[in-house]
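These numbers were taken from a predicted model, which means no experiment stands behind them. Proteins get letters first, then strands, A, B, ... in listed order; numbering begins at 1 in each.
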Number of protein chains: 2
Amino acid sequence: MDREQNGRNLTQQLVHTLGAAIASGRYKVGEGLPSEAHLCEEFGISRSATREAIKMLTAKGLISSRPRQGIRVQPRETWNMFDPDVLGWILRGQPTLEMLKEFLQLRVAIEQEAAALAAEDQDRPKIAAIGAALRRMKDAEEGLGDSVDADIAFHISILKATNNPFYMQLSSFIETALRVSIRFTNRIKGVETASYKNHKRLYDAIDQGNVRAARKASDTMQIEALELIKSELANKVA
Amino acid sequence: MDREQNGRNLTQQLVHTLGAAIASGRYKVGEGLPSEAHLCEEFGISRSATREAIKMLTAKGLISSRPRQGIRVQPRETWNMFDPDVLGWILRGQPTLEMLKEFLQLRVAIEQEAAALAAEDQDRPKIAAIGAALRRMKDAEEGLGDSVDADIAFHISILKATNNPFYMQLSSFIETALRVSIRFTNRIKGVETASYKNHKRLYDAIDQGNVRAARKASDTMQIEALELIKSELANKVA
DNA sequence: GAGTGAATATTCATATGATAAATCTACACA
DNA sequence: TGTGTAGATTTATCATATGAATATTCACTC
């Protein structure tokens with residue numbers, strides 16, 4: 001194993017190496033990974049480090065480990081899909097259009113309601129943070145700063161403005177999903193899709209506490225992207 | 001530590017003991033847990049077992065561990081709230097009304113869209129499974145079987161009918177949230193709140209592929225509960 | 001006195017070897 | 001054919017030693 005990989009320690013490195021391998025399907029569900037002893041040899045590290053990596057992957061639901069049975073890949077239903085690492089491993093591979101659609105179907109649900117909650121909650125400092133993110137998007141349109149980062153920051157700031165820890169916790173999920181989606185849609189359309197106008201409409205609705213308008217603005221933004229992907233999917237099949 | 005705790009091995013036991021302690025707030029965020037060596041002594045187990053438990057909790061985002069700094073409780077934002085274990089530890093404690101409200105706010109988003117997706121997708125076998133769960137609810141009303149279990153099975157079957165792995169993965173989240181919520185609302189109202197009629201309306205909408213009606217039926221079911229909790233919250237404050 | 005940097009001590013990280021526990025497999029036996 | 005037992009394999013746990021990282025302290029310089 002490449003011991004220079006980032007600043008991570010051995011255990012972390014192995015976790016990411018194996019996690020990515022499992023997510024990519026290199027090890028099939030149900031089948032076994034190499035045994036503990038075999039992994040040590042393969043990566044040239046001690047049993048402690050290996051076992052700790054195995055335990056971390058177990059905690060994320062990717063594998064199980066029992067005496068005499070060995071280490072097995074668990075069915076995907078038990079994977080902690082909302083764990084940022086797991087999500088990253090899945091997406092880092094080859095995100096299929098199908099997968100992108102599934103992401104967006106969840107984003108539609110989450111972000112729409114988040115916008116509504118933010119509008120309802122009226123936490124002024126946090127709404128100000130949304131405004132700041134909006135300005136960053138405008139700046140980005142004029143070449144100042146990265147537009148993808150600004151776009152993501154905007155969406156995250158809305159989640160934070162819900163003051164609901166569950167929505168806040170979805171930040172990393174949304175961030176990952178969004179980054180992949182944006183890259184993908186930009187590739188399809190050949191242009192940047194982030195539209196300042198749509199985002200401003202959403203911000204204004206939240207700022208004014210207009211729950212219904214906030215929900216609608218969020219919905220509008222996402223349905224576009226979802227339709228795009230669905231039509232791409234249809235093309236692929238045809 | 002009680003070595004007879006379930007069939008779990010030492011590491012698992014320690015994970016659950018510490019996880020529950022952290023979630024309950026026994027160890028404050030930012031502050032340190034006892035050091036590795038101290039934990040070994042306290043629970044009478046070896047360093048390997050202790051370290052593996054620490055790694056599992058790290059993987060779930062509850063703690064961090066660095067040389068010379070020790071083991072620290074991470075801020076709640078980094079906890080994997082959607083990990084069934086973490087969620088269980090949080091709820092097993094004393095779920096506050098506030099927390100219940102937050103759950104429900106997420107359920108509203110998820111289940112509403114899930115119902116819409118199920119109606120749109122029209123996966124007949126899975127819709128049949130929703131019908132079966134509905135019948136179990138009816139039976140439960142007549143004293144055959146547990147009504148809470150039947151209620152939960154109904155909601156889970158809708159998630160499965162979306163054919164979207166992200167929604168499916170939320171099953172355990174919804175199950176936990178639902179079980180706690182039902183117990184709570186029943187206590188408040190002094191009666192069973194599961195209403196067969198509402199659930200049937202939702203099933204019919206999905207069965208007929210009526211996306212709009214499905215969304216609305218799901219929404220109606222949950223807004224009721226949310227309003228109940230909100231008014232309880234208002235009472236408490238007053 | 002303030003700031004800088006080296007020495008120190010503490011704590012986690014890794015390695016290794018030994019033993020225990022779990023459980024699958026196969027074989028002998030009824 | 002079914003059942004129980006012995007053996008083999010693999011993870012689980014323990015114990016101990018050494019390495020690496022870093023917060024703290026304190027002496028030193030300006």
Side-chain angles (χ1 to χ4, degrees), chain A residues 1-19 22 27-28 30-74 78 85, chain B residues 1-19 21-22 27-74 78 85:
Chain A
M1 180 161 37
D2 178 10
R3 296 210 173 203
E4 305 310 315
Q5 197 177 5
N6 299 318
R8 290 199 276 252
N9 59 30
L10 289 181
T11 300
Q12 299 291 333
Q13 286 174 42
L14 186 54
V15 165
H16 281 268
T17 303
L18 289 180
I22 292 169
Y27 299 108
K28 297 278 174 292
E31 278 185 24
L33 267 68
S35 76
E36 188 177 299
H38 201 283
L39 284 172
C40 294
E41 209 180 327
E42 183 173 345
F43 293 99
I45 61 179
S46 74
R47 296 221 333 274
S48 318
T50 305
R51 283 186 59 78
E52 282 163 22
I54 295 301
K55 288 296 179 186
M56 293 188 80
L57 290 171
T58 303
K60 291 175 187 299
L62 265 66
I63 58 180
S64 75
S65 149
R66 286 171 57 196
R68 177 69 227 220
Q69 180 199 68
I71 303 161
R72 287 193 184 161
V73 177
Q74 291 285 99
T78 73
D85 288 332
Chain B
M1 183 162 34
D2 178 11
R3 296 209 174 203
E4 306 309 316
Q5 196 177 6
N6 299 317
R8 289 199 277 252
N9 58 30
L10 289 182
T11 300
Q12 300 290 334
Q13 287 174 43
L14 185 55
V15 166
H16 282 267
T17 303
L18 289 180
I22 292 169
Y27 300 107
K28 297 279 175 291
V29 169
E31 278 185 26
L33 267 68
S35 75
E36 190 177 297
H38 201 283
L39 284 172
C40 294
E41 209 180 327
E42 183 173 345
F43 293 99
I45 61 179
S46 75
R47 284 194 49 219
S48 316
T50 304
R51 283 186 57 79
E52 283 163 20
I54 295 301
K55 288 296 177 186
M56 293 188 79
L57 290 171
T58 303
K60 291 176 187 297
L62 265 65
I63 58 180
S64 74
S65 148
R66 283 172 58 197
R68 176 70 226 219
Q69 180 198 69
I71 303 161
R72 287 195 184 161
V73 177
Q74 292 285 98
T78 72
D85 287 333

Sub-3.5 Å pairs of nitrogen or oxygen atoms, protein against nucleotides 8-10 of chain C:
unit_1, atom_1, unit_2, atom_2, d
C:dA9, N3, B:Arg68, NH1, 3.4
C:dT10, O4', B:Arg68, NH1, 3.4

Strand-adjacent residues in residues 56-66 of chain A, judged by heavy atoms under 4.0 Å from DNA chain C: A:Arg66

Just jot down the side-chain contact (heavy atoms from CB on, under 4.5 Å) partners of A:Arg51, sequence neighbours excluded, or say none. A:Glu36, A:Lys55, B:Glu52

Would you classify A:Ser48 as touching base, sugar-phosphate or nothing, given that sugar-phosphate means primed atoms plus P, OP1 and OP2, and contacts are heavy atoms under 4.0 Å? base

Would you indicate, yes or no, if C:dA15 has its OP1 or OP2 atom less than 4.0 angstrom from a side-chain nitrogen or oxygen of A:Ser46? yes

Those residues at least two apart in sequence (or on a different chain) that pass side-chain contact (heavy atoms from CB on, under 4.5 Å) with B:Ala37 are B:Ser35

At under 4.0 Å, does any side-chain N or O of B:Thr11 touch on OP1 or OP2 of D:dT13? yes

Quick check for you: among C:dA15, D:dT11, D:dT13, whose closest atom lies nearest to any side-chain atom of A:Ile71? D:dT11

B:Lys55 side-chain N/O to C:dA13 phosphate OP1/OP2 under 4.0 Å: yes

Can I get a per-line list of side-chain donor-acceptor pairs under 3.5 Å for residues 62-69 of chain B, giving both atom names and the distance, sequence neighbours left out?
unit_1, atom_1, unit_2, atom_2, d
B:Ser64, OG, B:Gln74, OE1, 3.2

Does a distance-only test, which skips hydrogens and angles, find a donor-acceptor pair under 3.5 Å between the side chain of A:Arg51 and the base of C:dT14? no

Please give the angle, rounded to 10 degrees, between the axes at the start and the end of the helix from C:dG1-D:dC30 to C:dA30-D:dT1, where five pairs define each axis. 10°

